[in-house]
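Basis for what follows: all heavy atoms, side chains included, without hydrogens, waters or symmetry-related copies. Sequence lines set the chain letters: A, B, ... in the order given, protein chains first and strands last, and positions in each chain run from 1.
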Number of protein chains: 2
Amino acid sequence: MTTSSHPDRVPASRRVAAALRSRIESGELRAGAPLPSERNLAEDFEVARNTAREAVRLLTDEGLVHARHGKGVFVRETRKLMRFGAERYSHRLREETGLSPYRAEVAKQGRTARVDCTSITTVPAPEFIAERLGLVAEDPVICRENWYFADDEPVQRGITYIPVAVAGTSPLADSANLGKGSLYARFEDQGYPIATIREEISARMPRRDEKDRLKIPDGVPVIEVIHTGIDPEGTPFETTVFTMRADTTGLDYTIPVRN
Amino acid sequence: MTTSSHPDRVPASRRVAAALRSRIESGELRAGAPLPSERNLAEDFEVARNTAREAVRLLTDEGLVHARHGKGVFVRETRKLMRFGAERYSHRLREETGLSPYRAEVAKQGRTARVDCTSITTVPAPEFIAERLGLVAEDPVICRENWYFADDEPVQRGITYIPVAVAGTSPLADSANLGKGSLYARFEDQGYPIATIREEISARMPRRDEKDRLKIPDGVPVIEVIHTGIDPEGTPFETTVFTMRADTTGLDYTIPVRN
DNA sequence: CAGTGGTCTAGACCACTCA
DNA sequence: GAGTGGTCTAGACCACTGT
């Protein structure tokens with residue numbers, strides 16, 4: 001009766017993880033509180049340190065806790081989300097504040113925005129960009145890479161593709177400093193007021209380089225938005241790929257439904 | 001050991017991971033192809049099996065590969081996304097097809113939809129629901145839990161909250177079978193045609209139970225959408241929390257920009 | 001310095017898959 | 001039965017953080 005083929009034996013690492021998880025969910029371990037050290041967990045649960053470590057990793061992969069080298073493992077703080085919506089492209093908001101959509105959003109949350117334009121190049125359009133801009137692949141496009149910060153913390157990256165015909169000789173084509181109202185004001189100058197946006201949204205785990213540059217902790221995915229700006233005639237004039245960390249950033253759209 | 005003071009700063013597991021990653025990105029290892037077994041990797045790179053295993057785990061956590069017990073580790077297939085947009089709430093689409101928004105979307109992709117309503121209960125409104133429905137917390141709401149499948153694969157879960165005043169004695173309050181056009185047709189019957197939707201989007205790693213029930217592989221996040229349906233007078237009449245796996249599902253919105 | 005997590009080793013056995 | 005990944009042990013040393 002004691003031994004048999006396969007009892008529903010739960011691996012030790014999951015048992016330890018489940019115990020910790022319930023102590024977190026019950027509120028016994030609050031946000032910011034340290035977990036017992038791996039060596040203590042090993043002792044308390046009578047497992048090897050590697051097994052305790054595996055348990056902690058399971059929680060890390062769920063985004064419940066995060067480790068700080070040399071300090072300990074802590075219950076993750078629930079961070080306030082900044083949610084970005086369609087109104088950030090509003091002409092009125094731009095006129096009232098003179099700010100770019102990103103700056104306006106961050107200012108609204110009482111934080112300090114910074115945007116670094118790290119590169120402006122002309123490249124052949126990748127296929128998925130050409131599709132969205134009504135070009136054929138390899139057509140040249142201006143490619144602007146921007147990094148967005150709030151209180152000096154990296155928040156998102158945006159890579160904007162602009163047909164050369166749209167950018168012309170305007171600052172869009174080569175100037176890092178776009179002036180008052182920023183990118184969308186310049187599109188308006190060029191004869192492309194934004195009337196409609198298309199936003200294609202997905203989520204995935206960050207690649208190593210993204211994780212490093214956006215300082216994304218373990219167990220946190222990124223949201224990827226392929227954003228396309230469209231003028232009143234239905235002509236797309238720019239596509240931007242945004243990549244943002246999902247624990248501090250989200251989206252919020254209010255959309256009329258057609259009948 | 002070769003050097004003593006400051007040997008190469010890159011841990012062996014990351015070196016192995018980087019080597020595999022570049023073989024994947026170069027196309028040498030295509031989607032669906034097996035990686036060398038952990039024991040082979042250990043031998044080839046002259047590390048312990050656990051170290052090779054750690055390397056594989058790094059790739060798994062990036063969503064690049066996935067392990068199948070007893071078979072091997074395989075480069076993940078890029079699966080075609082089903083993207084859900086606002087037009088799925090369109091009255092016209094409903095009239096033309098007689099289908100619920102989900103069924104219409106899945107049919108459009110040539111797959112077979114199934115929706116299981118697993119529970120209908122009346123509960124006190126959680127705070128975040130009460131906020132969105134203009135209620136006070138604890139007000140009773142109908143709570144409908146639905147599971148959505150495409151070709152018998154689980155795709156998403158939706159938990160819909162409806163004020164009892166809205167549901168009345170209609171099928172919304174208690175019937176799993178909602179009839180032609182489904183949920184949004186019934187709201188229309190009750191005097192709440194959908195005019196506007198608000199969609200709040202975030203992403204996170206799945207909890208253990210979500211991972212199991214949605215059959216989500218390692219390294220794949222979920223997208224969470226808090227959807228609120230609003231009538232022409234601006235009255236919200238239902239809020240649904242959707243949870244969907246991010247490797248097969250996405251969102252696609254076309255939104256007019258206010259000036 | 002002591003204590004923490006990060007990496008690594010060299011084994012072992014279990015659970016699953018497939019020929 | 002042979003080969004795969006999954007779990008586990010009992011050590012070891014390194015890197016980082018505090019005092």
Please write out the pairs of protein N or O atoms and N or O atoms of nucleotides 17-19 of chain C separated by less than 3.5 Å, giving the distance to one decimal.
unit_1, atom_1, unit_2, atom_2, d
C:dC18, OP1, B:K71, NZ, 3.2

## Note on the structure
Paired with A:T243, the side-chain hydrogen bond (donor to acceptor under 3.5 Å, both in side chains) test is passed by just one of A:R157, A:R213, A:R207, namely A:R157
Using the test ring-ring contact (aromatic ring centres under 6.0 Å, His included), find all partners of [X] that sit at least two apart in sequence or belong to another chain.
X: B:H66; value: none
X: A:Y253; value: B:Y253
X: A:Y148; value: A:Y102

### Message
Considering every strand and a 4.0 Å limit on heavy-atom distances, what is the contact class for B:R14: base, sugar-phosphate, or nothing?
### Response
sugar-phosphate
#### Entry: Partners passing side chain to side chain donor-acceptor pair (under 3.5 Å) against A:R15 (at least two apart in sequence or in another chain)
none
### Query
Of all of residues 31-43 of chain A, which get a heavy atom below 4.0 angstrom from DNA chain C, listed by number?
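Hits under 4.0 Å, by residue number: A:S37, A:E38, A:R39.
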Listing, residues 119-127 of chain A side-chain donor-acceptor contacts under 3.5 Å, not counting sequence neighbours, or none:
none

### Query
What are the residues of residues 48-58 of chain A, sorted by number, that bring a heavy atom to within less than 4.0 Å of DNA chain D?
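Contacts with DNA chain D under 4.0 Å: A:A48, A:R49, A:N50, A:T51.
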### Message
With salt bridge (Lys or Arg N to Asp or Glu O under 4.0 Å) as the rule and sequence neighbours excluded, what pairs involving residues 42-52 of chain B come up?
### Response
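Qualifying pairs: B:E38-B:R49.
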### Message
Listing request: all salt bridge (Lys or Arg N to Asp or Glu O under 4.0 Å) pairs with a residue in residues 62-71 of chain A, at least two apart in sequence or in separate chains.
### Response
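Every pair satisfying salt bridge (Lys or Arg N to Asp or Glu O under 4.0 Å) with a residue in residues 62-71 of chain A: A:R21-A:E62.
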### Query
With sequence neighbours left out, what residues match A:T51 under side chain to side chain contact (heavy atoms under 4.5 Å, CB included)?
A:A12, A:S13, A:V47, A:A48
### Protein-nucleotide distance (B:F74, atom CZ; D:dG3, atom P), rounded to Å
16 Å
### salt bridge (Lys or Arg N to Asp or Glu O under 4.0 Å) partners of A:R245, counting only residues at least two apart
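Applying salt bridge (Lys or Arg N to Asp or Glu O under 4.0 Å) to A:R245 gives A:D247.
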